Amino acid sequence: MSVTQQARKAAAEPTVRESARGGVLLEAAFAQYQAELLGTLYYLVGNLEDARDALQEAFIKCWRHQAEVAEVENLKAWIFRVALNAGRDIRETAWRRKRQGLPEDESMLVSRDARPEAIAEHDERLTRLREAMKQLRPEEQEVFLLRQNGDLTYEQIAETLDVPTGTVKTRMRLALARLRGALEEGDQ
């Protein structure tokens with residue numbers, strides 16, 4: 001083996017080690033945040049099947065950059081940013097195709113209260129909340145979902161979306177006001 005070949009091999013070895021370490025970190029992070037990511041993507045894209053597709057696409061995109069994972073300061077925020085971008089892409093292509101979502105039966109929450117009127121009331125509020133979420137501007141929706149489902153701080157959301165923290169807080173305040181208004185409107 002020539003000196004040049006030995007130098008190339010030595011230079012490539014840390015990359016292989018970093019890549020392997022990055023892969024382990026990615027697998028662990030995706031396992032840990034899967035429910036939060038899926039919930040966020042569900043509300044972003046509008047149906048469970050597209051949310052799963054976006055989650056899978058996000059994992060693949062992150063996996064392609066596993067050698068760089070060690071350099072990422074906030075892995076959770078980075079993964080959520082990649083997932084949001086994948087969700088946006090899927091939402092745009094679904095909108096262009098005017099695709100229908102899956103029935104919402106898969107994601108309905110069942111109340112432990114056995115009274116039919118309580119179950120009906122809960123389902124109505126959940127439906128109003130979903131409809132109100134769809135009426136939010138995309139940037140408000142993203143901030144709300146990252147805060148509620150992603151459990152990110154305002155600073156992490158600002159870093160993820162590449163906007164000032166004040167903008168994140170304003171978007172969250174507007175989202176909460178709209179959602180609160182939609183729920184109060186239905187309670188009257």
Side-chain angles (χ1 to χ4, degrees), residues 32-55 57-58 74 76-188:
Q32 181 179 354
Y33 305 130
Q34 181 177 4
E36 296 170 30
L37 285 164
L38 192 58
T40 300
L41 290 167
Y42 171 80
Y43 282 103
L44 184 66
V45 299
N47 68 67
L48 191 56
E49 196 61 34
D50 283 346
R52 287 180 177 146
D53 288 348
L55 182 60
E57 184 64 30
N74 185 339
K76 183 178 182 179
W78 181 70
I79 289 171
F80 269 85
R81 175 185 283 177
V82 172
L84 275 177
N85 288 338
R88 285 182 196 138
D89 293 344
I90 285 179
R91 182 178 61 190
E92 288 172 14
T93 57
W95 181 81
R96 280 189 219 118
R97 289 181 277 135
K98 297 191 190 279
R99 191 162 118 188
Q100 295 294 318
L102 293 175
E104 293 189 15
D105 294 344
E106 293 182 41
S107 62
M108 294 302 287
L109 300 176
V110 178
S111 173
R112 292 186 180 147
D113 191 346
R115 297 183 333 220
E117 62 272 4
I119 292 170
E121 185 177 305
H122 173 76
D123 289 349
E124 284 179 27
R125 286 182 62 84
L126 195 55
T127 300
R128 282 197 313 271
L129 181 61
R130 283 190 181 123
E131 290 304 314
M133 283 289 299
K134 290 178 185 176
Q135 299 305 313
L136 293 177
R137 293 186 346 227
E139 55 271 11
E140 294 169 353
Q141 194 180 64
E142 289 172 355
V143 167
F144 179 80
L145 292 172
L146 287 172
R147 180 76 172 140
Q148 297 306 116
N149 292 1
D151 203 27
L152 298 178
T153 65
Y154 290 122
E155 291 75 20
Q156 290 171 325
I157 295 169
E159 179 185 330
T160 299
L161 299 176
D162 198 27
V163 296
T165 304
T167 301
V168 170
K169 290 178 180 179
T170 300
R171 290 176 182 175
M172 183 65 169
R173 184 176 41 79
L174 291 171
L176 289 173
R178 289 181 191 207
L179 293 172
R180 203 174 289 123
L183 290 175
E184 289 172 356
E185 188 177 288
D187 288 339
Q188 295 174 359

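Since we're looking at a predicted model, the values are computed, not measured.
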request  = Carefully, step by step, assess Val82 and Trp78 under the rule side chain to side chain contact (heavy atoms under 4.5 Å, CB included).
outcome  = CA-CA 6 Å; Val82 172; Trp78 181 70; 4.2 Å; yes
- Message: Evaluate Leu161 against Leu146 for side chain to side chain contact (heavy atoms under 4.5 Å, CB included), listing each step before the verdict.
- Response: CA-CA 10 Å; Leu161 299 176; Leu146 287 172; 4.2 Å; yes
Going through the distances and angles, do Asp53 and Asp50 end up as a side chain to side chain contact (heavy atoms under 4.5 Å, CB included)? CA-CA 5 Å; Asp53 288 348; Asp50 283 346; 4.1 Å; yes
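Across all their heavy atoms, Ala158 and Pro164 have their closest contact at CB-C, 4.0 Å. Heavy-atom minimum distance, Gln156 versus Ala77: O-CB, 4.2 Å. Contact record, Ala51 with Val45: N-CG2, 3.4 Å, taken as the closest heavy-atom pair. Summarising the geometry of Ala86 relative to Ala54, their closest heavy-atom pair is CB-O, 3.6 Å, with the distance given to 0.1 Å.
If you take CG on Leu84 and CG on Leu44, they are separated by 6.0 Å, rounding to the nearest 0.5 Å. The distance from the CD atom of Gln141 to the OH atom of Tyr43 is 10.5 Å, given to the nearest 0.5 Å. Distance check: Asn47 CG to Arg91 CZ gives 12.5 Å after rounding to the nearest 0.5 Å. Between the CD1 atom in Ile79 and the CD atom in Gln34 there is a gap of 11.5 Å [rounded to 0.5 Å]. Note that CG of Leu145 and CG of Leu37 are 11.5 Å apart. Values are rounded to the nearest 0.5 Å. Within the model, atoms CG of Leu152 and CD of Glu36 stand 8.0 Å from one another, a figure rounded to the nearest 0.5 Å.
Of the candidates Thr40, Leu176, Ile157, Phe144 forms a side-chain contact (heavy atoms from CB on, under 4.5 Å) with just one, namely Leu176. Considering Arg178, Arg171, Arg147 as possible partners of Glu140, the one that fulfils the salt bridge (charged side-chain N to carboxylate O under 4.0 Å, His left out) test is Arg178.
Using a cut-off of 4.0 Å between Lys/Arg side-chain N and Asp/Glu carboxylate O, Glu131 and Lys134 are scored as salt-bridged.
Between Glu142 and Thr160 the shortest side-chain heavy-atom distance does not fall below 4.5 Å.
Partners of Asn85 according to the side chain to side chain donor-acceptor pair (under 3.5 Å) rule, which considers only residues two or more places apart in sequence or in another chain, are Arg88. Taking Glu155 as the reference, Thr153, Thr165 meet the side chain to side chain contact (heavy atoms under 4.5 Å, CB included) condition, with sequence neighbours excluded.
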